[in-house]
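Here the structure is laid out as structure tokens; the discussion comes afterwards.
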Protein chains: 6
Amino acid sequence: MSRPVDKAETLVEALPYIRRFWGRTIVVKYGGHALAGANESPALDLFAQDVVLMRSVGMRPVVVHGGGPQISDLMARLGKTTEFRGGLRVTDAETVEIARMVLVGQVNPSIVSAINRHGSLAIGVSGEDARLIRARPADPELGFVGDVEAIDPTVLLRLLDQEMIPVVATIGVDEAGQAYNINADVVAGAIAEALGAEKLVYLTDVEGLRRDLGDPSSLIRQTTSSELQRLLDDGTLAGGMIPKISSCVRAVTHGVSRAHILDGRIPHVLLLELFTDEGIGTMVTKG
Amino acid sequence: MSRPVDKAETLVEALPYIRRFWGRTIVVKYGGHALAGANESPALDLFAQDVVLMRSVGMRPVVVHGGGPQISDLMARLGKTTEFRGGLRVTDAETVEIARMVLVGQVNPSIVSAINRHGSLAIGVSGEDARLIRARPADPELGFVGDVEAIDPTVLLRLLDQEMIPVVATIGVDEAGQAYNINADVVAGAIAEALGAEKLVYLTDVEGLRRDLGDPSSLIRQTTSSELQRLLDDGTLAGGMIPKISSCVRAVTHGVSRAHILDGRIPHVLLLELFTDEGIGTMVTKG
Amino acid sequence: MSRPVDKAETLVEALPYIRRFWGRTIVVKYGGHALAGANESPALDLFAQDVVLMRSVGMRPVVVHGGGPQISDLMARLGKTTEFRGGLRVTDAETVEIARMVLVGQVNPSIVSAINRHGSLAIGVSGEDARLIRARPADPELGFVGDVEAIDPTVLLRLLDQEMIPVVATIGVDEAGQAYNINADVVAGAIAEALGAEKLVYLTDVEGLRRDLGDPSSLIRQTTSSELQRLLDDGTLAGGMIPKISSCVRAVTHGVSRAHILDGRIPHVLLLELFTDEGIGTMVTKG
Amino acid sequence: MSRPVDKAETLVEALPYIRRFWGRTIVVKYGGHALAGANESPALDLFAQDVVLMRSVGMRPVVVHGGGPQISDLMARLGKTTEFRGGLRVTDAETVEIARMVLVGQVNPSIVSAINRHGSLAIGVSGEDARLIRARPADPELGFVGDVEAIDPTVLLRLLDQEMIPVVATIGVDEAGQAYNINADVVAGAIAEALGAEKLVYLTDVEGLRRDLGDPSSLIRQTTSSELQRLLDDGTLAGGMIPKISSCVRAVTHGVSRAHILDGRIPHVLLLELFTDEGIGTMVTKG
Amino acid sequence: MSRPVDKAETLVEALPYIRRFWGRTIVVKYGGHALAGANESPALDLFAQDVVLMRSVGMRPVVVHGGGPQISDLMARLGKTTEFRGGLRVTDAETVEIARMVLVGQVNPSIVSAINRHGSLAIGVSGEDARLIRARPADPELGFVGDVEAIDPTVLLRLLDQEMIPVVATIGVDEAGQAYNINADVVAGAIAEALGAEKLVYLTDVEGLRRDLGDPSSLIRQTTSSELQRLLDDGTLAGGMIPKISSCVRAVTHGVSRAHILDGRIPHVLLLELFTDEGIGTMVTKG
Amino acid sequence: MSRPVDKAETLVEALPYIRRFWGRTIVVKYGGHALAGANESPALDLFAQDVVLMRSVGMRPVVVHGGGPQISDLMARLGKTTEFRGGLRVTDAETVEIARMVLVGQVNPSIVSAINRHGSLAIGVSGEDARLIRARPADPELGFVGDVEAIDPTVLLRLLDQEMIPVVATIGVDEAGQAYNINADVVAGAIAEALGAEKLVYLTDVEGLRRDLGDPSSLIRQTTSSELQRLLDDGTLAGGMIPKISSCVRAVTHGVSRAHILDGRIPHVLLLELFTDEGIGTMVTKG
């Protein structure tokens, strides 16, 4: 616990950041992994506090989430086996309905409810609401796995203008009204771009981006979109982080000022990144 | 199909109703029974057309829905037996989570998506969003079955002001963030009251209210809140219609101009009730 | 009379048109011929219903009218002979004052009053009000017969924004405040252009435009501005329809989406054209 | 012509009046007598300048006019004899149509046009527009002579809010859409009351109100509503001034601060009354 | 310096206070003593940071200041002796002009400038601006020493609505435009009352209010208006703190939620009081 | 004193000017010389009346003032000698603080108070408020004499939008918060330019600009920016008028319509220039 003088200094340290980010939109991808387990987890509550604080000092946070583990869990309980092809879940009509139930009806309300313990602030939004996320099939072999065709940010802008916190479940919809399951990392980036966000933040269960996956000392503190693209192109960076990394590259080259990959296991990591001089995780800028 | 002159007459017949209901809020309870079966039913599409037409001529429709059969269905698929006590489902923690998945993640998006095939109009809202529906336990023996403690219509008013169509899933939330399953008929009435709605409309799978359940000729075309209360008190009206009937009585004595019980099996029954001189179903007024 | 199911279908048929025309401006030229006779004619009342319905579903109708027969009638009663030169009335100072009395003080209030039997919707506007119609002499030999020099649509825009229905009498005014009588067909086109109207509609006492005036089977259902211009240039189209036709050509080449020449003798012809799939009269598009 | 120093003093003398009347509504009854003769009279132009100056310094002037002499004139030209009963014109259907033509189509545009030579400021409004003046028969024997049943000032308030100058022709309308001729002095008072006007001003062709009609030295400079009522009751005041006097009494007892009877023959009498310390005509206050 | 985890905890500790005080007005009396000496003091800069942080998280701070020592200093430099009567400065015409120069032209711009080093936030306001502080003579023997007659908070409300920080110099003005010097403690209380402030805060050079002036252990942490009034009445509290104490009593009994007497010598004492759970100085509530 | 008819004519003469200048910004430089002497001078009161009248008829006046003589006076009283170099006062830290006290704390409140005797209209603003006037050193040898680096007119626009009259003291401020004394003539021009003012008016103690300083008959009634620039370049115009003349040239070539140099000794000279046909002083237009 801090002495009063330290508390005051922490608040004063936050002042320039509060002023800089006032009225700016921050898109935060909250990992489904972080949610595994109970409805009310302490980690979720810390996250909720951070988001509420962001809103309270004038930022416009938007939360985007997936829920892979929870989908697998319900599939298993329903005795349905999941087939993966190239790391992507083959998604038939029943599977997309299960995914929708889990994302829109289980994960999303858990996050909304955790935030709303601090006030009537959050509202759950799926990509079908006001046709927020327009999707198209990613690959005929995968069924109802979608790519982002377009984001119509109107509904998010309206909710943000009313000082609400939108929490987005990443179900997309095509012209005919068919639902699709879409990678949440990719949706987060597309939404940040469509909103002209100041920041795109990925909360993960790793410390940050590593040049060498197995070597903690290779953590990249700060990098640029062109450097990252180079590492993607030459195969240095690979695996499950690729959607996040590609989205970071795309976002900062399309108007988002900064993208961050943070370790969601650190308590209040969002506050530390946003309001203090500490350097945390990996920061990506345009260049 | 009509001749041109009949078409014109139908439009002109609608004129005084369009003028009368311009800017007025209409709360429509859409029955879960009507949804049983596929995601895209022809009946759901007709209903969606009606709601979109209401919005297009300046009304402010709010859709409220339950989903009992769909909940039972998922319970069965998950091998969970449902216990009913006094006609109400005993709802443990797992059951309320299943109910939430079904209502918020399955039924609600189906309705939203059907409406949005006509434009980016509908947005799904659960009672946890912006703490719309505050709940308290209905009965300790029933677990997480809730009564309506209060409706905070702020989020609905904002969405209506932005010319959107809110579709409400009837999950409530208590101060601590615990979710409850609540009777959708009751929620529809409470929302109509909180919004000062012009009309509260129940779409059912019966022709209307009958004085004698078994006698089609005993259909009540028009009645008053006090008459209905008397029939409730002396036991004439009983069974599954009671929540609807009580809600009608309560709503019209708390500021809602008219309540209607309509036969949702009639195509475009909403349009016929709202825009034509036809007399349909049962109408309840204050008195 | 329609059966309920047909009524519902008619309303649903209207839905896409209602959505398409919401907020759009429709300029309707109402013929003086249609008004000949009594103050309260059944035809005028049908017309009033159509205009009110247009307003009720969110369109912005503007009515423009002339009144040649009524002017001739008052001239005759005052013992003043009308001299025509090249089909145009020679208009001395006394004649323009008579024209103004008739258009502004007789025809205009009749239309306003017919509309206002359905609500406080219509307001009469002459071209002198807020200097809506700036005029210049058409031809020195004709006296105070004017051409449109400019339309200042400010007053119309304000009234439309307040959800009123402007009814325009086609008296123009020059810089010095002198009044002019102007062809109402031409004014209707100029106003449609100045307002960026969606549609310009002429209600006439013929079925539509005919390629051969004497041959009903030569009715033109759909044509383009360039085709019409060609027919004007080679003399195929001539006579009293020329101001209407030229105005249609000019309007659709200056931003008005569509122009229509309709048979005002068909009851509710406006509704049929606007809200049903029926094809009626002649439609002109750009091309 | 004034010296510069005198000009400056006049402007400074006007300052407190400009400040006091800023944003206040002033209803001016302009006499039909003043209009007799040509369309463009010098007196009308002086009046127009005064009204424009009032608007320019932030007042909200409303002009109300009649036109008895002009109606009689057109009646005569049409060979129609006017029957008067108790000083009031017996008004059959044809007569009310003639009155409407004259007031709405001749007198009103003359005033509008005179004002608009200084800008696009004035707009003519008849009592039928947006159903401004609701009328009922004054006396079955008089035909379509109306009493004011109600004033709906909505359209005037909207025009005033848009900084326009409404010029009102005193034709009223009943529920069925029938037009009535109404005494303009009475309408002016009723409009002043409905608008909560600061002042009601009658421009007449006399110097002011006299205690003894034949004695110029009996001019009443200042009086109260109760004093005037007493003079009406005991018959001291009688004749053609009665509608003006009754309207003054009624207006100042229903919220209008002051009523004035001024000599419209004095050039710029409105400016002198409003912006200088001169005492002019008769002023009536509540008491 | 704090560890990251402590920083995060400090920010989270601030969250409920930030939410509670969002949009609330806080009137802070800044002591002239604190300003003695240079234009740019470190203490003034810390104070400026606190005020800017308050504004940044949505509060509406108003700064009120006096400047007794600075007035005495300029008097001395001008060779003018100050006469005190009953602890109050006898203020002739020259003295009030000197006081005005110092307060409005020296102390006020110093504070404004210190705040504006963090942005274009502060604007100096004297009681003569828009006649904010209406004064009357306190005592004929004291000359131009004034009492507060009325506060017209209009100008402050406008500046606050534009997210500016008003800094008020306590010069009052009477109807004739004469300036008065007024006790700044009293003005701060009157402004807090007129603005319906949430808090009134006095920054002093003592630790807080003591029951026994000489005994540090008699510090009053929390008290009520009635308790304070009793201590004033029985003479327990006396001396220079009386205007502050009376103002606290008056403010909390006239709508201000809380009044505080804080030790301005503690760095960032405002932040500690407003955003942390620390108990500091003396707090006064109604009761 | 004028006769009524002359008064009316003066008001009517003012009408076109009132209309032309409605909503336009007029920057008036009020000379410190005019203020020498007492707080309440008759000349200051006449000036205040003029400014209030301008505001009352819809103009947006901004007053800018200096105070050289008053600064010299306080310097003398404090026994501080003023050193001038090239006509400019060498300004050390103490001197700029004295200048600030005089301009912000003495001259500014005198003008504010004189205007506010007519209502709560004026508010004093210094260049430090909301960092209105950004300054940089004019010349290292002169100390804290500043040049205008930039004008941020935000605070003035806000006050003008609220129908207040800003009175600007010409103290500038640099990035670090250091105050500078700046030539008021130059500031007036820069503010007129930044506000896109209609007019820039210098009130002086001469009749206007003379081609030959010693020859009254060489008064220049009307000239252009290029003509003036030529006279500056060839040395015809020199001396203390140069900052005014350069500012006039710069202002009219940067969007200000007209600049005027008027004789402030003529009573109500502003009114005469603005509202009458009299030709007064020197007018500068672009060309």
Side-chain angles (χ1 to χ4, degrees), chain A residues 1-24 42-43 45-59 115-121 163 165 262-281, chain E residues 1-24 42-43 45-59 61 115-121 163 165 262-263 265-281:
Chain A
M1 185 160 172
S2 312
R3 293 169 307 148
V5 62
D6 292 332
K7 289 184 179 181
E9 269 167 22
T10 296
L11 293 167
V12 167
E13 183 185 331
L15 178 55
Y17 299 103
I18 291 174
R19 293 189 66 76
R20 186 190 308 159
F21 296 135
W22 195 93
R24 302 304 173 87
D45 188 51
L46 294 184
F47 170 72
Q49 287 178 13
D50 290 9
V51 170
V52 170
L53 188 69
M54 288 165 69
R55 175 65 263 175
S56 298
V57 299
M59 295 181 194
I115 295 173
N116 284 350
R117 271 193 284 278
H118 301 271
S120 297
L121 297 162
E163 311 202 338
I165 301 172
L262 302 183
D263 185 346
R265 298 165 305 181
I266 302 175
H268 297 304
V269 67
L270 270 174
L271 297 191
L272 294 175
E273 205 300 306
L274 289 165
F275 297 118
T276 75
D277 302 331
E278 318 290 330
I280 291 192
Chain E
M1 182 160 173
S2 312
R3 294 169 306 149
V5 62
D6 292 332
K7 289 185 178 181
E9 268 166 23
T10 296
L11 292 167
V12 167
E13 183 184 331
L15 178 55
Y17 299 104
I18 291 173
R19 292 191 66 75
R20 187 189 309 159
F21 297 135
W22 195 92
R24 302 303 173 88
D45 188 51
L46 294 183
F47 170 71
Q49 288 178 12
D50 290 9
V51 171
V52 170
L53 188 68
M54 288 165 70
R55 174 65 263 175
S56 297
V57 298
M59 294 181 194
I115 294 173
N116 284 350
R117 270 194 284 276
H118 301 271
S120 297
L121 298 162
E163 310 201 339
I165 301 172
L262 302 183
D263 186 345
R265 299 165 305 181
I266 302 175
H268 297 302
V269 68
L270 270 174
L271 297 191
L272 294 175
E273 205 297 307
L274 288 165
F275 297 118
T276 74
D277 303 330
E278 318 290 328
I280 291 193

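Just so you know, these numbers come straight off a predicted model, no measurement behind them. Here is how names work: the chains are called A, B, and so on, in the same order as the sequence lines, proteins then strands, and each is numbered from 1.
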Quick one: which of A:V5, A:L46, A:V52 has the most heavy-atom pairs under 4.5 Å with chain E, could you say?
A:V52
Based on non-hydrogen pairs under 4.5 Å, which of A:L271, A:L53, A:V57, A:V269 is most in contact with chain E?
A:L53
Between [atom1] of [X] and [atom2] of [Y], what distance do you get to the nearest 0.5 Å?
X	Y	atom1	atom2	result
A:E9	E:Q49	CD	CD	10.0 Å
E:R55	A:W22	CZ	CH2	8.5 Å
A:K7	E:K7	NZ	NZ	15.5 Å
A:L11	E:L272	CG	CG	8.0 Å
E:T10	A:R3	OG1	CZ	11.5 Å

Chain E contact residues among residues 14-21 of chain A, heavy-atom distance under 4.5 Å:
A:A14, A:L15, A:I18, A:R19
Under 4.5 Å, counting heavy-atom pairs only, tell me which of E:P267, E:P4, E:G119 racks up the most with chain A.
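Max contact count across the listed options: E:P4.
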Tell me, for A:L121 versus chain E, whether the close heavy atoms (under 4.5 Å) come from the side chain, the backbone, both or neither.
side chain
Please flag which part of A:T276 lies under 4.5 Å from any non-hydrogen atom of chain E: side chain, backbone, both or neither.
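The answer is the side chain of A:T276.
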Holding to side-chain contact (heavy atoms from CB on, under 4.5 Å), I want the full list of residues that pass it with A:R265, two or more places apart in sequence or in another chain.
A:D205, A:D263
